[in-house]
Every structure is written in C-alpha cells, then in structure tokens.
Novice: 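I have a structure here, written as structure tokens, and I will follow up with some questions on it.
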Amino acid sequence: MYTAHPDRYAEMPYRRTGRSGLKLPALSLGLWHNFGPDRPVETQRAVLRRAFDLGVTHFDLANNYGPPPGSAESALGDALRADFAAYRDELVISTKAGYLMWPGPYGEWGSRKYLLSSLDQSLSRMGLEYVDIFYSHRPDPDTPLEETMGALHTAVQQGKALYVGVSNYSAEQTREAARILAELGTPLLIHQPRYSMLDRRPETGGLLDALDELQVGSIAYSPLEQGLLTGRYLNGIPEDSRAASDSPFLNSDAVTEELVGKLRTLHEIAGSRGQSLAQMALAWVLRQGRVTSALVGASSPRQLEDSVAAVGNLDFDADELARIDKIVKG
C-alpha cells in the first residue's frame, strides 16, 4: 500500500492563484499524453506517486485526454482508489470540456448541455463527487458566453466543482468571461494558456496583462513546446520523437536548422545556470511570478524528477533574460 513521503511539502514552492485562497504547486502534472491504455499501468501509477511525493499536488486533465478520450480520467480514477483515497483533500484535481468528446451536436464546444453532461461523465470516470477546478476548454463561437459561463457557475452551485477556469480564451474573451462570472457570484479562478519561450502569444496578445488586471491565476501548458525545449532536438529530429511521428501537435517541418541552432544556444545558457534546457524553460515560464504554475507531462518518474528539479533555480538576471529574448526573437 502506498504511503506518501512525510517531507513531500519541503521543497516545492506553492503560489496563490490570483486573488483566491487556493495555492498551486509551481509545477503541476498534466495527464495529456501519457495516461492511456498504451502505457503500462504501473508506470502511470509510479509517476503519480512520485509526483505527490515531490509536492506536486495538482493533477490536470480534460475529458478527451488519453488516447482514447476519457482514458486518462479513468486511469486517474483507478490510481485515486488504489493509492490516494486517504489524500483526496491534499490534491487539486482539474478537468475540462470543450473539444470533441462524443459524436453528434452535443459532444463538443460550450453549450450548457455539453459542459454539464461532460462533467458528470468525468466525475463518474474518476470516481469523484467533485473536481477542484472545472474549465471551459475553448471558447465557442456559436454559443453565447453567458451560457458557457452560466454552466460553469451551475457546476459550482451543484457542488460538482469548487472553482472554475477557462483555457485558450483571448484577453478580450477572458475579460468578458470574468465579468459574467463575477455577476453570477462565481469568480474566474484561472486561465490555462499555451505559453513557452518559443510561444509568446500570452505576452504579445495582452493575456498576461489582462490576468494581472483581473487578479486571475494562470497555468501554462506546453511550457516545453511539445518537447522542443527538452534537449531532444539539439542534433535534429530523433526517430522516436513526436516530430518524427504523425502527431498533430508537432511536425518535422517545424524543426528547421535555424530552430536547432537556437535550441543549441539556449542549451548553452541553461548549462551556465546549472540546468538542463528543459529545466531552464520551465523556470523561464515561472519567472517574475506572473504564471501561477507550469504543467509538465512525464512518461517516467525519472523524467518527472528532472522537471521538478527546475524549482531549485527560478531566478534570472537581466542579462540572461535579454540573451534568451535575443536568441528566440532574433
């Protein structure tokens, strides 16, 4: 039987999420790619146990994570029953709905019917009475934002979610979502954008500024840019990499000679900081405290340990930041 490490809170920093009372670990575990039936169950459970032992108290999911859709939530449900039943109140578990989950007109986007039906299915798969955070995974151009935010509010009123968030919303959409939720009496807790050294859209599009103004938290997904910032691509495209596969999230055309040159230079800067490229990339997302938490995936406990080690050096001097900007933007 699993017993959590007694010193699990000793090293991980925790950051307050916006103006709420909820604190998240600087690094959270995302169950996007590595928690389906194509992965050994024992490896999945070992990753979750090691994460919690290292102070990673937040497990992030969505209804369609797997593959196949739903399998990541089912896998977490099995692990919760086997290992974490005694620790539920120490965990923050989040899920989302917005992308395609089942056939027909009610299986995706942002209608009240889809969001609340999806949440019920997610709770059933995980064996939970509630999730800590429930997200609208993407804005729906055909559904009034009042309806989508109203569904999130209802989830809280029903006791099926403690907090609500949005993901992939623009700065303007986020401001409007926050306004609607505030009027309903359910504050917007958090936004989950894609953000990394190589993807600055939350900065250039004004999203981070909007979140600062609204006092809403943020949790960055793909901080390692689908593996580009892990160091695996310093010598081109490995045969077993995501870019060499048919992944819709990263293709070989994106890995140009120019990009590889930038990655090598960033790797050198990371080395001067005593970090791997992945560790520096995570630290960069968390710099200055504007981002509450960064989401990492892990296919093994060792990979997770390497990511968590990034919290040992989250500070950058002005010269380091300027050099990184020059490399990435140059």
Novice: Partners of His137 by ring-ring contact (aromatic ring centres under 6.0 Å, His included), sequence neighbours excluded?
Specialist: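 Counting only residues at least two positions away or on another chain, His137 forms a ring-ring contact (aromatic ring centres under 6.0 Å, His included) with Tyr99.
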Novice: List the steps, then state whether ring pair (Phe, Tyr, Trp, His ring centres under 6.0 Å) holds for Tyr163 with Phe134.
Specialist: CA-CA 6 Å; Tyr163 302 92; Phe134 181 48; over 10 Å; no
Novice: What about Trp102 and Leu100, same hydrophobic cluster or not, with Ile/Leu/Val/Met/Phe/Trp/Tyr joined at side-chain heavy-atom distances under 4.5 Å?
Specialist: no
Novice: Drop me the distance from Leu123's CG to Leu128's CG, to the nearest 0.5 angstrom.
Specialist: 6.5 Å
Novice: Does a side chain donor of either Gln192 or Asp60 reach within less than 3.5 Å of an acceptor in the other side chain?
Specialist: yes
Novice: Within a 6.0 Å radius of atom CD on Glu11, are there more than 12 heavy atoms belonging to other residues, nucleotides or ligands?
Specialist: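 No, CD of Glu11 has 12 or fewer neighbouring heavy atoms, counting only those of other groups under 6.0 Å.
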Novice: Is it true that Glu147 and Ser111 share a donor-acceptor pair across their side chains at a distance under 3.5 Å?
Specialist: no
Novice: Does this structure show an ion pair linking Arg175 with Glu213, if we count only N-O contacts that are shorter than 4.0 Å?
Specialist: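 Answer for the salt bridge query: yes.
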Novice: Once the angle between the rings of Tyr169 and His191 is folded into 0 to 90°, is it parallel (under 30°), tilted (30 to 60°) or perpendicular (over 60°)?
Specialist: perpendicular
Novice: With Asp317, which residues qualify under side chain to side chain contact (heavy atoms under 4.5 Å, CB included), at least two apart?
Specialist: Asp319, Glu320
Novice: Whether Arg290 and Asp209 form a salt bridge (side-chain N of Lys/Arg under 4.0 Å from carboxylate O of Asp/Glu) is what I want to check.
Specialist: yes
Novice: Ring of Phe316, cation from Arg273 - is the NZ or CZ under 6.0 Å from the centre and inside 45° of the axis?
Specialist: yes
Novice: With clusters defined by side-chain heavy atoms of hydrophobic residues (ILVMFWY) lying less than 4.5 Å apart, directly or transitively, does Leu145 cluster with Trp109?
Specialist: no
Novice: Between Ser167 and Arg138, is there a side-chain donor-acceptor contact under 3.5 Å, judged purely by atom types and distance?
Specialist: no
Novice: Are side-chain N/O atoms of Asp306 and Gln279 paired as donor and acceptor at under 3.5 Å?
Specialist: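 Asp306 vs Gln279: donor-acceptor pair found between side chains.
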Novice: Taking the side chain as every heavy atom from C-beta outward, state whether Met12 and Val56 have any pair of such atoms under 4.5 Å apart.
Specialist: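 Yes - at least one pair of side-chain heavy atoms lies under 4.5 Å apart.
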Novice: Is Arg49 salt-bridged to Asp83, cutoff N-O under 4.0 Å?
Specialist: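 A salt bridge links Arg49 with Asp83.
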Novice: Between Gln303 and Ser300, is the side-chain contact (heavy atoms from CB on, under 4.5 Å) condition met? List the steps.
Specialist: CA-CA 5 Å; Gln303 186 180 37; Ser300 68; 3.5 Å; yes
Novice: Would you indicate whether Glu172, at its atom CD, is surrounded by more than 12 heavy atoms from other residues, nucleotides or ligands within a distance under 6.0 Å?
Specialist: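 Not buried by this count: 12 neighbours or fewer within 6.0 Å.
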Novice: Test Phe52 against Tyr87 for ring pair (Phe, Tyr, Trp, His ring centres under 6.0 Å), laying out the working first.
Specialist: CA-CA 10 Å; Phe52 190 54; Tyr87 304 105; 5.4 Å; yes
Novice: Under 3.5 Å, is there a donor-acceptor pair between the Ser170 and Gln173 side chains?
Specialist: yes
Novice: Indicate if Val41 and Val47 have the same hydrophobic cluster label, given that clusters are the connected sets of ILVMFWY residues with side-chain heavy-atom separations under 4.5 angstrom.
Specialist: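 Val41 does not cluster with Val47.
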Novice: Taking the side chain as C-beta and beyond, is there a heavy-atom pair between Tyr2 and Leu48 under 4.5 Å?
Specialist: no
Novice: Taking atom types as modelled, is there a side-chain donor on Tyr221 or Asn168 under 3.5 Å from an acceptor on the other?
Specialist: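 Side-chain D/A pair, Tyr221 to Asn168: present.
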Novice: Whether the Ser293 and Ser28 side chains hold a donor-acceptor pair (N or O, under 3.5 Å, no angle test) is what I'd like checked.
Specialist: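 Their side chains do contain a donor-acceptor pair, which is all the 3.5 Å distance test asks for.
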Novice: What I want to find out is whether Glu268 reaches Arg264 closely enough, with some N-O distance under 4.0 Å, to be called a salt bridge.
Specialist: no
Novice: Taking the six-membered ring of Tyr130 (Phe, Tyr or Trp), confirm whether the NZ or CZ of Arg88 is under 6.0 Å from its centre and within 45° of its axis.
Specialist: yes
Novice: Evaluate the criterion salt bridge (Lys or Arg N to Asp or Glu O under 4.0 Å) for residue pair Glu305 and Arg302; output intermediate values, then yes/no.
Specialist: CA-CA 5 Å; Glu305 291 165 359; Arg302 183 172 181 176; over 6 Å; no
Novice: Would you find more than 12 non-hydrogen atoms of other residues, nucleotides or ligands less than 6.0 Å from Tyr9 atom OH?
Specialist: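 Above 12, so yes.
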Novice: When you look at NE2 of His153, are more than 12 heavy atoms from neighbouring residues, nucleotides or ligands closer to it than 6.0 Å?
Specialist: yes
Novice: Is the shortest side-chain heavy-atom distance between Leu91 and Leu80 below 4.5 Å?
Specialist: yes
Novice: Show your reasoning for whether salt bridge (Lys or Arg N to Asp or Glu O under 4.0 Å) applies to Asp199 and Arg194.
Specialist: CA-CA 7 Å; Asp199 187 344; Arg194 179 168 179 161; 3.7 Å; yes
Novice: Just to verify, which of Glu108, Lys96, Met101 counts as forming a side chain to side chain contact (heavy atoms under 4.5 Å, CB included) with Asn63?
Specialist: Met101
Novice: Any side-chain heavy-atom pair from Ile219 and His58 closer than 4.5 angstrom?
Specialist: yes
Novice: Would you indicate whether Glu42, at its atom CD, is surrounded by more than 12 heavy atoms from other residues, nucleotides or ligands within a distance under 6.0 Å?
Specialist: yes
Novice: Mind checking whether Leu116 and Tyr135 sit in one hydrophobic cluster, side chains of I, L, V, M, F, W, Y counted as touching below 4.5 Å?
Specialist: no
Novice: Side chains of Met126 and Phe59: does their closest heavy-atom pair fall under 4.5 Å?
Specialist: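 A side-chain contact under 4.5 Å is absent here.
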Novice: Suppose we screen for side chain to side chain donor-acceptor pair (under 3.5 Å). Which residues come up paired with Thr265, at least two apart in sequence or across chains?
Specialist: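 Applying side chain to side chain donor-acceptor pair (under 3.5 Å) to Thr265 gives none.
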Novice: Check this for me: does any side-chain nitrogen of one of Arg287 and Asp315 sit under 4.0 Å from a carboxylate oxygen of the other?
Specialist: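 Looking at Arg287 and Asp315, the cut-off is not met.
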